[in-house]
Amino acid sequence: MIRVTVELPGGRSYPVLVGPGVVGELASVLPTGVRRVAVVTQESVPVEVDPGVDHRVFRIGDGETAKSLSTVEELCSAFAGWGLTRADAVVGVGGGVVTDVAGFAAASYHRGLPVVHVATTLLAQIDAAIGGKTGVNIPEGKNLVGAFWQPAAVLCDTTVLETLPEREMACGLGEMAKYHFLGGGDLGGGDLGGGDSGGLTLEQRVARCVQIKAEVVAADEREAGRRAILNYGHTLGHALETTGRYDLRHGEAVAVGLVYAAELALALGRIDDERVAEHRRVVDGYGLSGSLPAGADPDELMAAMGRDKKAIDGLTFVLDGPAGVEVVAGVDAGVVLDTIEAVR
Ligand code: GLY
């Protein structure tokens, strides 16, 4: 088992436990004195937990549609019906939808209960469950309502990943590829099946990604600036997802977005050909495609990128460069459009 500590301003911190069987540590990471636990999960999540205290399971629906204010209302009503109090805790068991919803319900109910996340997908283990972002979608957009609510602990059980469907795994691998360029050069070239794996086990890889994210979150808990680098590869990635026309999972879209961001940085003179090739190698090493899906429409993608939450001052991207990956505002629209052809 590997233990990573997320250090936060004000002397706050919490542990992230990574490894096979760490779900068994749940009782030991609950805050002291917790009397009862509301376990929030989904029918499709094949993981049972034992918090070691009186608990009740509350199931939410599957998919992004479950990430709604009405789900949070239903959960909070059910918590109230059971008589959950501030002496109790919430445990979210699942992927990003569960950790976002359970986290937001925990942040809101009685103005805040402790939450522990048991992350059961690779994406949740290396991204969604770490760093305290919680929230839901509204018809106007994804994640537009939410709160920063740091968990008391996160459990990343790597045994659970063995049964993860292939595309769900791909979803996490796109995020893992991202960390290679955020200080994770030691992750190797990708390729979990050996080869250029940097000699790391899956457990070590998950822990390394958690550690990188923890460092970024420690420096900028509420995304006043630097935390936005965690969105590397996400501008085009989100655009591909929000058009809703391509059958791409989040990580698959991010993989294309990473290669696109590298090509854009090259076009802007920020990095050289070799660094672009490295992006392509890493994405390829995880078995992901760095090319746009067939029929991708550049005008539609441009419009979607213009609506990106980061785009306060013209087209805004997270780009690699001499000083590393950083947020760059006011990127020339003509270059952005032309570069789309580089990832066809
Ligand atoms: N997923 C990006 C972040 O947590 O900031």
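Along the sequence shown, residues are numbered consecutively beginning with 1. Every number for a ligand or one of its atoms is a count from 1 in the order of the listing. Just so it is clear, the values below take in all heavy atoms, side chains as well, and ignore hydrogens, waters and symmetry mates.
- Counting protein heavy atoms only, atom 1 (N) of ligand 1 is closest to Asp127 OD1, 3.0 Å.
- Side-chain contact between Gln150 and Val217 is present, with heavy atoms from C-beta onward closer than 4.5 Å.
- Qualifying side chain to side chain contact (heavy atoms under 4.5 Å, CB included) partners for Val160, counting only residues two or more places apart in sequence or in other chains: Val47, Thr120, Asp157.
- What sits closest to atom 5 (O) of ligand 1 on the protein, heavy atoms only, is Arg227 NE, 2.7 Å.
- Residue Glu223 has at least one heavy-atom neighbour below 4.0 Å for each of these atoms of ligand 1: 5 (O).
- A 6.0 Å sphere centred on CD of Glu73 holds no more than 12 heavy atoms belonging to other residues, nucleotides or ligands.
- Among the atoms of Asn231, none of the N or O lies under 3.5 angstrom from an N or O of ligand 1.
- Of the charged side-chain nitrogens involved, at least one lies within less than 4.0 Å of a carboxylate oxygen, so that Lys133 and Glu223 count as a salt-bridged pair.
- Residue pairs meeting the side chain to side chain donor-acceptor pair (under 3.5 Å) criterion with at least one partner in residues 45-56, sequence neighbours excluded, do not occur; the list is empty.
- The closest protein non-hydrogen atom to atom 4 (O) of ligand 1 is Lys213 NZ, 2.6 Å.
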